[in-house]
Amino acid sequence: GAVVSQHPSWVICKSGTSVKIECRSLDFQATTMFWYRQFPKQSLMLMATSNEGSKATYEQGVEKDKFLINHASLTLSTLTVTSAHPEDSSFYICSALGGSSPSKYGYTFGSGTRLTVV
Amino acid sequence: QQQVKQSPQSLIVQKGGISIINCAYENTAFDYFPWYQQFPGKGPALLIAIRPDVSEKKEGRFTISFNKSAKQFSLHIMDSQPGDSATYFCAAGGYQKVTFGTGTKLQVIP
């Protein structure tokens with residue numbers, strides 16, 4: 001199967017600090033990873049798409065300098081929330097494209113990271 | 001992002017009943033239509049997906065019906081169980097990107 005590990009599962013940080021969230025594909029190589037943000041009782045909003053070895057593509061309205069994405073290898077992408085503020089508190093979810101799905105459209109999601117900025 | 005409209009927002013079904021969730025999309029270039037199940041505090045998990053070249057796909061108690069001309073697709077959960085209580089998201093897109101619907105919170109009562 002395809003497994004995506006996301007870490008940490010929850011984090012509390014002080015306003016003004018930075019937080020890094022990791023997304024790893026454990027048993028497959030993911031050339032493309034996606035980062036989503038989900039507010040309570042709402043849908044997943046795509047923040048950015050990252051391809052290994054290249055700059056991430058951000059969706060309209062997402063601050064590139066605030067949400068730094070690095071996809072340095074085929075199994076790891078990181079999202080760093082810089083200078084976090086309470087309004088950045090949310091549930092962040094990554095997904096990776098690839099794995100053993102019979103279809104090339106195999107998106108596998110991580111378990112999410114609950115970020116609380118105090 | 002292209003819109004994907006999902007209804008209803010919430011749904012209460014008795015155990016053993018049929019749960020039906022509907023979605024509509026706009027972009028005719030979309031060629032991948034998955035459904036995800038999400039429990040509180042967890043990431044979405046793929047339930048079932050369909051491509052536009054078929055009108056129906058069934059996996060166990062879960063069936064997707066797809067109407068290409070109407071640009072609509074739906075999820076049917078047969079013999080709904082309390083363990084099916086979760087939020088369900090439809091999505092539509094392609095190889096590089098999918099757009100999610102707004103979600104349906106399903107509650108299956110005994």
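Throughout, protein chains are lettered first and strands after them, A, B, ... in sequence-line order, and every chain is numbered starting at 1.
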**Residues forming a salt bridge (charged side-chain N to carboxylate O under 4.0 Å, His left out) with R114(A), sequence neighbours excluded** = none
**Residues in residues 101-110 of chain B near chain A [non-hydrogen atoms, under 4.5 Å]** = G101(B), T102(B)
**Message:** Check this for me: E59(B), atom CD, are more than 12 non-hydrogen atoms of other residues, nucleotides or ligands nearer than 6.0 Å?
**Reply:** yes
**Request:** Please say whether more than 12 non-hydrogen atoms of neighbouring residues, nucleotides or ligands are located less than 6.0 Å from CG in D53(B).
**Result:** yes
**Request:** To the nearest 0.5 Å, tell me how far Y36(B) OH sits from S95(A) OG.
**Result:** 7.0 Å
**Nearest-0.5 Å distance, NZ of residue K42(B) to OG of residue S9(A)** = 7.5 Å
**Prompt:** So does E87(A) have more than 12 non-hydrogen atoms from other groups sitting under 6.0 Å from CD?
**Reply:** yes
**Prompt:** Can you list every pair that meets ring-ring contact (aromatic ring centres under 6.0 Å, His included) and has a residue in residues 53-83 of chain A, with sequence neighbours left out?
**Reply:** none
**Greater than 12 external heavy atoms within 6.0 Å of K66(A)'s NZ** = yes
**Asked** Can you get from F28(A) to L74(A) by hopping between Ile, Leu, Val, Met, Phe, Trp and Tyr side chains that sit under 4.5 Å apart?
**Response** no
**Request:** Pick whichever of G41(B), A49(B), P40(B) has the most heavy-atom pairs under 4.5 Å with chain A.
**Result:** G41(B)
**Leading residue by heavy atom contact count with chain A [cutoff under 4.5 Å; candidates A91(B), A45(B), P44(B)]** = P44(B)
**Request:** Would you name the heavy atoms of S43(A) and F100(B) that are closest together and state the gap between them?
**Result:** OG-CB, 3.4 Å
**Item:** H85(A) atom NE2: more than 12 heavy-atom contacts under 6.0 Å
**Value:** yes
**Message:** Would you say that Q38(A) contacts F89(B) through its side chain, given a criterion of any heavy-atom pair below 4.5 Å between the two side chains?
**Reply:** yes
**Fill in**
In this structure, NZ of K97(B) is separated from OH of Y107(A) (nearest 0.5 Å) by 10.0 Å
**Prompt:** Checking Q6(B) against chain A: side chain, backbone, both or neither under 4.5 Å from a heavy atom?
**Reply:** neither
**Asked** Which answer fits Q6(A), side chain, backbone, both or neither, if we ask what part of it has an atom under 4.5 Å from a heavy atom of chain B?
**Response** neither
**Request:** Using side-chain contact (heavy atoms from CB on, under 4.5 Å) as the criterion, list what pairs up with V54(B), not counting sequence neighbours.
**Result:** I50(B)
**Asked** Do L44(A) and L97(A) belong together in a cluster built from hydrophobic side chains that touch within less than 4.5 Å?
**Response** yes
